[in-house]
There are 2 protein chains.
Amino acid sequence: MKRLTMLTSGIAICCAGMAMANDDLISLMDDPTQWAIQTGDYKNQRYSELDQINKDNVGDLQVAWTFSTGVLRGHEGSPLVIGDVMYVHTPFPNIVYALDLKNEGKIIWKYEPKQDPDVIPVMCCDTVNRGVAYANGKIFLHQADTKVVALDAESGAVVWEAQNGDPSIGETNTATVLPIKDKVIVGISGGEFGVRGHVTAYNMETGEQEWRAYSMGPDSDILMDPENTTHLGTPVGENSGTNTWEGDQWMIGGGTTWGWYSADMDENLFYYGTGNPSTWNPAQRPGDNRWSMTIMARDIDTGVAKWVYQMTPHDEWDYDGVNEMILTEQEIDGEQRKLLTHFDRNGLAYTMDRVSGELLVAEKYDPVVNWTTGVDMDPNSETYGRPAVVAQYSTEQNGEDVNSTGICPAALGTKDQQPAAYSPKTELMYVPTNHVCMDYEPFRVSYTAGQPYVGATLAMYPAPDSHGGMGNFIAWDNISGEIKWSIPEQFSVWSGALATAGDVVFYGTLEGHLKAVDAATGDELYRFKTPSGVIGNVMTYESDGKQYVGILSGIGGWAGIGLAAGLTNPNDGLGAVGGYAALSDYTALGGQLTVFALPD
Amino acid sequence: MKRLTMLTSGIAICCAGMAMANDDLISLMDDPTQWAIQTGDYKNQRYSELDQINKDNVGDLQVAWTFSTGVLRGHEGSPLVIGDVMYVHTPFPNIVYALDLKNEGKIIWKYEPKQDPDVIPVMCCDTVNRGVAYANGKIFLHQADTKVVALDAESGAVVWEAQNGDPSIGETNTATVLPIKDKVIVGISGGEFGVRGHVTAYNMETGEQEWRAYSMGPDSDILMDPENTTHLGTPVGENSGTNTWEGDQWMIGGGTTWGWYSADMDENLFYYGTGNPSTWNPAQRPGDNRWSMTIMARDIDTGVAKWVYQMTPHDEWDYDGVNEMILTEQEIDGEQRKLLTHFDRNGLAYTMDRVSGELLVAEKYDPVVNWTTGVDMDPNSETYGRPAVVAQYSTEQNGEDVNSTGICPAALGTKDQQPAAYSPKTELMYVPTNHVCMDYEPFRVSYTAGQPYVGATLAMYPAPDSHGGMGNFIAWDNISGEIKWSIPEQFSVWSGALATAGDVVFYGTLEGHLKAVDAATGDELYRFKTPSGVIGNVMTYESDGKQYVGILSGIGGWAGIGLAAGLTNPNDGLGAVGGYAALSDYTALGGQLTVFALPD
Ligand SMILES: O=C(O)c1cc(C(=O)O)c2c(n1)C(=O)C(=O)c1cc(C(=O)O)[nH]c1-2
Ligand SMILES: O=C(O)c1cc(C(=O)O)c2c(n1)C(=O)C(=O)c1cc(C(=O)O)[nH]c1-2
């Protein structure tokens with residue numbers, strides 16, 4: 001590990017005092033009139049200082065303009081606004097449009113990559129893409145076929161291209177990229193195809209690969225320092241990425257990295273989570289399966305992990321740990337700390353010290369969560385930091401070919417990719433959640449490169465003995481670990497939230513609504529039915545002194561896979577088709593941007 | 001012809017005093033809160049008595065709700081509103097949705113026919129469909145593959161099906177149907193495939209075929225009475241549908257019937273026009289090619305023609321005569337008459353006596369029209385009713401393999417399928433027009449069933465020495481034969497207009513706007529950019545005391561075929577791709593309904 005340590009300090013020296021390649025992005029992120037990054041900012045707070053639209057007038061909102069993307073299926077992510085230009089992306093084939101905000105959204109340029117449609121069936125959960133990124137005059141697109149493309153933001157011309165993965169072995173992409181310092185950091189999908197997850201940094205100007213950190217494998221692959229990389233304060237030790245796997249199963253170990261990325265430039269760290277271990281049949285892969293299901297804090301320059309935390313050792317339910325890490329500075333136990341809050345698929349919300357990796361809070365953010373009684377918070381315990389598994393809901397203990405029923409949450413978690421927002425004014429997190437349970441029957445499966453490597457049959461349904469719906473939109477206190485208010489929704493809320501200084505929180509519904517609620521009380525203040533179901537993330541910007549709110553419609557994603565892919569067998573779509581069948585009574589496929597504003 | 005005459009009187013007797021199957025449709029058409037038929041009413045006036053939205057407040061219009069159809073490509077026609085239910089159709093695959101207007105547009109039922117996609121390449125001008133019809137508790141859909149389906153309006157269940165044509169010989173459908181009395185009257189497309197056009201009546205309750213009238217062929221096929229069917233007052237005589245053709249060319253003669261249908265129940269007549277003779281190479285088919293390019297007035301019960309008028313004998317430019325016939329009662333030369341006004345592709349607007357078939361007015365409705373100097377209006381002339389062809393623009397006289405340049409209008413005419421509206425308040429017609437010219441090079445082609453039978457290469461461009469745009473939206477005085485006002489548009493106006501008692505006229509643009517203008521002056525009062533280019537027709541209805549205006553977006557049709565079918569070669573799409581190439585700077589494919597209303 002000497003090499004890695006040297007690398008770290010070497011780069012730290014080289015860059016001191018230098019203008020960063022992402023300086024313009026930082027100032028754009030600080031400017032509330034822009035929407036410069038998918039996540040609102042590096043902290044993933046999705047909070048806007050704009051307050052022209054506020055809780056008193058949001059009820060008057062009107063549709064200002066609209067734009068059809070020309071593509072159907074699930075539209076995740078959101079547009080960016082950089083200056084007077086809006087950048088809109090689409091699901092496969094991943095078209096990018098530059099629209100002129102000063103000229104009725106006229107198309108300045110359009111980039112349509114040529115991608116082999118063979119990649120479509122290799123995408124587990126619809127042909128979604130969570131959006132482009134901007135930095136240094138370039139738009140970065142990570143295509144479904146894992147080609148990373150840098151486009152000239154003004155002309156749409158290709159500046160560089162890099163091939164990040166290989167779809168023929170199941171590697172695809174749905175995530176946005178993290179442009180930071182002189183790098184573009186990208187993840188990979190394919191946990192349902194036995195892909196070994198990795199995170200890779202490319203040079204922002206040239207597209208050359210700078211480092212790659214796998215989720216499992218030898219220390220040199222996972223960029224962990226046995227002595228200095230810690231797990232809940234303890235060094236991870238040697239071979240941590242292989243010694244909790246049987247034989248060389250880590251080579252097809254999953255732990256993909258398809259979620260959201262945040263960063264703390266002062267700490268020189270970026271944060272993300274890893275997905276499920278492959279296969280979904282836990283009996284087939286004994287051990288803790290490190291570092292699947294893990295929160296990672298890595299050095300931006302070298303990729304070396306500073307600290308890690310595995311939330312769900314030896315996953316038995318497909319509770320990918322990829323959801324966003326929201327970075328805040330808050331008082332906890334009388335002390336001002338740098339926090340990281342994460343709403344995991346497994347139904348627990350974690351608040352951590354993002355510098356040290358200390359676990360501060362781990363609480364259920366949906367009371368129906370039943371697979372665990374909670375996390376052992378005693379630092380002196382042998383099982384410190386581990387969730388206590390309830391035997392009845394252990395698909396491992398119940399065994400192969402046994403249908404474990406009534407597990408809450410379902411595989412798509414109490415929350416999936418749909419990102420939460422944080423308002424520093426209320427110090428609350430606004431969380432779009434799923435309220436879905438499942439039956440899960442694991443079965444033995446053999447690995448063939450590029451073929452599904454799932455090994456479980458699922459059925460999903462609304463959480464029993466509850467309000468009958470499949471979702472809630474909640475306000476969460478990440479310090480006390482409590483739900484402040486909760487809005488029941490008929491379907492999962494698969495759209496990302498936006499909080500604003502106008503004390504309004506926005507989110508979309510699978511039926512197709514944009515909704516605005518009071519940040520303090522959750523009272524509904526406005527709703528509008530957009531053309532199709534919403535799985536995109538709400539964004540806001542200002543143009544010519546006027547605040548706008550934008551949202552992509554287009555039903556799809558895992559929850560909407562039945563509609564998106566035209567599936568009707570309830571067990572198809574990894575069990576989601578049956579659960580969300582009623583969606584077809586409310587919406588049809590689409591792909592539209594709707595932009596709202598107050599009347600003149 | 002005895003047989004036919006007997007049939008007519010027989011039916012007239014049988015039905016006297018009987019309740020008509022279309023009684024409910026008639027009362028719905030009379031009720032301005034409903035939108036019961038694609039054409040607004042049997043007169044095709046597209047006029048609404050609603051005036052809650054009027055010229056003083058239309059500027060405050062807002063988007064009330066939206067719906068994505070789940071289908072891309074050209075969306076022609078409009079929704080219907082029957083009671084509290086809205087019926088929305090799509091292009092191929094011709095899905096029909098029933099939406100609950102009392103419940104945020106929730107989907108009551110969805111009907112998706114299974115159609116062989118092989119029909120798509122047999123459709124000349126995009127996969128459009130001009131909408132469903134309603135009568136007697138049933139929704140009528142005429143699919144692309146020419147299957148006519150009657151659906152139970154409440155449940156969407158199939159009541160009957162009839163196969164009207166054969167796509168393997170080039171027969172397809174894009175038109176709506178005319179539900180009238182106890183019949184559903186339907187047309188056929190395929191003029192670019194050598195189809196012999198026909199109009200067919202099916203029994204509204206059973207789907208049984210009642211009669212069929214071809215556009216050309218023996219008298220018994222064309223349902224013309226040599227003595228009693230007149231052309232400009234003169235009996236057509238025997239074999240009128242074969243004796244202006246060489247040999248049996250009439251068997252592949254074109255004259256398809258894909259346009260709009262109107263009807264005068266008091267006269268027991270319905271009106272429509274026939275399309276171009278096949279092929280587009282005029283040298284290959286000597287003669288007047290009757291009854292292509294003809295306005296037809298036929299008996300509803302028997303299909304027998306009362307009168308006909310061929311506007312463009314021996315077509316040399318593809319000026320299909322299918323555009324709508326707008327029926328009005330107006331004073332002309334001091335006399336109150338039953339009129340029929342028709343804006344032909346050939347650039348002439350015809351006003352006729354719809355009872356007798358007398359030609360009253362024939363004037364250019366775009367001054368750039370140059371292929372003719374006008375129509376001979378002298379009843380005593382040998383060429384009475386014929387347009388005088390300008391030799392320079394005669395593709396016949398210039399000959400095969402010669403490029404005739406600068407012909408105005410282009411093949412898609414001064415107006416194509418986009419229907420005009422009429423306001424009885426202003427006595428003006430509001431006409432969406434094309435302002436496009438062409439080069440036309442005919443070439444010899446041989447006929448193979450089911451294969452294109454076009455025989456000409458075209459290039460299209462904005463009318464030279466004009467405002468640079470490709471369209472105008474005009475107000476036309478059909479009595480004086482004059483343009484009252486004209487709004488220049490960058491692209492052809494391919495959307496149908498709506499006139500209302502609020503003194504507002506609505507239309508859509510290919511860029512995607514819904515526009516509202518002052519019926520008296522043409523001054524723009526409101527514009528909104530919908531998600532995609534508009535080729536649908538504006539409709540209006542009232543629900544819970546509130547007036548709504550609805551429009552389908554979805555770029556396509558002949559003008560938008562480049563975008564719709566992904567073509568880029570300028571000569572492709574029968575010459576439209578080049579002409580409309582700039583459309584891709586403004587809009588992308590879509591399929592959305594946008595519904596507008598005034599704020600509460
Ligand atoms: O393991 C993986 O590589 C992987 C990838 C993806 C993806 O790329 O979208 C999803 C998932 N897993 C997954 O488990 C999941 O719940 C999910 C939901 C969605 C979505 O966009 O709606 N994608 C994915
Ligand atoms: O001759 C025919 O059978 C036929 C059919 C159609 C059609 O079915 O849409 C069109 C035409 N011709 C045609 O000439 C034409 O300009 C046209 C435009 C459109 C349209 O929907 O935009 N269809 C058609």
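Bear in mind the structure is a predicted one, so any value in this text is a computation, not a measurement. First the proteins, then the strands, lettered A, B, ... as listed; each starts at 1.
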> What part of A:Ser584 lies closer than 4.5 angstrom to a heavy atom of chain B: side chain, backbone, both or neither?
Replying inline: backbone
Side-chain atoms of residues 489-496 of chain B: list all donor-acceptor pairs with protein atoms under 3.5 Å, sequence neighbours left out, distances to 0.1 Å.
| unit_1 | atom_1 | unit_2 | atom_2 | d |
| --- | --- | --- | --- | --- |
| B:Glu489 | OE1 | B:Lys515 | NZ | 3.3 |
| B:Glu489 | OE2 | B:Tyr507 | OH | 2.7 |
| B:Glu489 | OE2 | B:Lys515 | NZ | 2.9 |
| B:Gln490 | OE1 | B:Tyr586 | OH | 3.2 |
| B:Gln490 | NE2 | B:Tyr586 | OH | 3.4 |
| B:Ser492 | OG | B:Asn434 | OD1 | 3.3 |
| B:Ser492 | OG | B:Met470 | O | 2.9 |
| B:Ser492 | OG | B:Tyr580 | OH | 2.5 |
| B:Ser495 | OG | B:Gly508 | N | 2.9 |
| B:Ser495 | OG | B:Gly536 | O | 2.9 |

> Looking at A:Gly590, A:Pro531, A:Pro599, A:Ala588, which has the largest count of heavy-atom pairs under 4.5 Å with chain B?
Replying inline: A:Pro531
What pairs of donor and acceptor atoms, side-chain ones from residues 553-566 of chain B against any protein atom, are under 3.5 angstrom apart with sequence neighbours left out?
| unit_1 | atom_1 | unit_2 | atom_2 | d |
| --- | --- | --- | --- | --- |
| B:Ser553 | OG | B:Thr530 | OG1 | 2.6 |
| B:Trp558 | NE1 | B:Gly573 | O | 2.7 |

>> Counting neighbours of CD on B:Glu154 that are heavy atoms of other residues, nucleotides or ligands and sit closer than 6.0 Å, is the number greater than 12?
In response: no
> Hey, which residues of residues 52-69 of chain A are touching chain B, say heavy atoms under 4.5 Å apart?
Replying inline: A:Gln62, A:Val63, A:Ala64, A:Trp65, A:Thr66, A:Phe67, A:Ser68, A:Thr69
> Which residues in residues 72-109 of chain B have a heavy atom less than 4.5 Å from any heavy atom of chain A?
Replying inline: B:Leu72, B:Tyr97, B:Glu104, B:Gly105, B:Lys106, B:Ile107
> Given a strict heavy-atom distance threshold of 4.5 Å, which part of B:Thr587 is in contact with chain A: side chain, backbone, both, or neither?
Replying inline: backbone
